[in-house]
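Structure first, then comments.
One-based numbering, in listed order, for ligands and for the atoms of each. These numbers come from the heavy atoms of this one structure, side chains and all, not from hydrogens, waters or symmetry mates.
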Amino acid sequence: MTRKLRPATLLVRGGLRRSENAETAEIPYLTSGFVYDDAAQAEATFENKIDRFQYSRFANPTLSMLEERLCLLEGAEACRLTATGMAAVHASMLSYLKTGDHVVASRALFGSCHWIVANLLGRYGITHEFVDGGDLDGWARALSRPTAMVLLETPSNPMLDLVDLPAVAELAHRAGALVVVDNVFSTPLLQQPLTQGADIVVYSCTKHMDGQGRVLGGAILSNKKWIDDVLQPFVRNTGPAMSPFNAWVILKGVETLKLRVDAMQRSAVAIADFLAERPEVEMVRYPYRPDHPQQALALRQMSGGGTLVSLVVRGGKAAAFRFMDALEVIDISNNLGDSKSMVTHPATTTHLRIGAGERAKLGIADGAVRLSVGLEDVADLIDDLAFALDAAAPLAMAAE
Ligand SMILES: *Cc1c(COP(=O)(O)O)cnc(C)c1O
């Protein structure tokens, strides 16, 4: 095939490898190992003289299909899958970093990513500095010293702040750093960091790619040389491999990724507009809205505003809890990117452990609620939100 296929087509057909049985669907190769025709073939395999499957900790045909599909979608040369998104973040950093290295990261990171940078790297003699993602002067100051790696997330969890990818990548490269972008919130459909200067992209496949709350998974994408020389020896020998069953679930999940993300995003736009008109809502955050302080950057860097909306309920934690508890359709859960809509209260869950001081720096108010918009009828979601805001109104209005 020489024609360039579009994302929706790649999501259904990319990477498909049929066996001699010519099955329609991808096969879940639930096998830990593989057998050799003779001893010499085993020897040649271990000498890297022939390229074949050996052991599912190294590679597996079902994983290879998903890896190729994600490469085609992202425009990446190579991909390795991991058991979870956090295994992907961990492996992308620890496979490369060594004692004496310096890391610069955006402050607004997923909780466990923040923990790796703040609490784990120091044990290996790797120093770090956090910067405000939107502050280019801050990035320039931090990157005025030699740096091995930059880790960032854009839009960030939970307040949907953006980082200017090309600008930060240029500063990072001048400092000698590789740029790792956690692209979970955008999905590969709405933002392609590798085309905007990033060197490595990581995903939690648990989120939109499975998208139906079933399995955990992670992915790391980059150029072939880095994946083969740096990452592969690390994952082969430390063992964060994804289960072939989970890879198969995610392969089938991504077939509908574009349909789901498009529908969820349409609803997210309508919900953000609805919330902005409600007196109980102090602030709405959605990257494509004119009241987002970085709307221009969002329009430049993303092809859509995404499937998440954050809001601040007037009246702080009590009002936010009243609002969440009154929802009858939307679930309370810290997950996101699911076909079921979910709300979470970051200050008391995902961002509890970082402390009040760090939360204040990230703009995570006590009334902040993150909404992951799902696939339900948007009219039912808006009715649910309206009912819950009515319930929170006495607390919200008392706070005025
Ligand atoms: C969920 C998530 C992760 C971690 O992924 P797991 O699959 O839960 O390990 C990392 N980064 C972001 C932005 C996430 O949303």
Which ligand 1 atoms are under 4.0 Å away from a heavy-atom of Gly85?
5 (O), 6 (P), 7 (O), 9 (O)
For ligand 1, which atoms, with element, lie under 4.0 Å from some heavy atom of Thr84?
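Listed by number with element, the hits are 7 (O), 9 (O).
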Consider only side-chain N and O atoms of His208 and Thr187, and report whether a donor and an acceptor are under 3.5 Å apart.
no
Consider only side-chain N and O atoms of Tyr203 and Glu74, and report whether a donor and an acceptor are under 3.5 Å apart.
yes
Among protein heavy atoms, which lies nearest [atom], and at what distance?
| atom | answer |
| --- | --- |
| atom 15 (O) of ligand 1 | Lys207 NZ, 2.7 Å |
| atom 4 (C) of ligand 1 | Phe110 CE2, 3.4 Å |
| atom 9 (O) of ligand 1 | Met86 N, 2.9 Å |

If I apply the N/O under 3.5 Å rule, does Thr206 come out as touching ligand 1?
yes
State plainly whether the residues Arg18 and Glu23 are in salt-bridge range, i.e. N to O under 4.0 Å.
no
Using a strict 4.0 Å threshold on nitrogen-to-oxygen distance, state whether Asp291 and Arg285 make a salt bridge.
no
Take atom CZ in Arg13; do more than 12 heavy atoms of anything else shown fall under 6.0 Å from it?
no
Does atom NZ of Lys252 have more than 12 heavy-atom neighbours from other groups under 6.0 Å away?
yes
For atom 12 (C) of ligand 1, state which one of Val89, Thr82, Asp182 supplies the nearest heavy atom.
Asp182
Run down the list Gly217, Ser204, Pro158 and name the one with the heavy atom closest to atom 5 (O) of ligand 1.
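Among Gly217, Ser204, Pro158, the closest heavy atom to atom 5 (O) of ligand 1 comes from Ser204.
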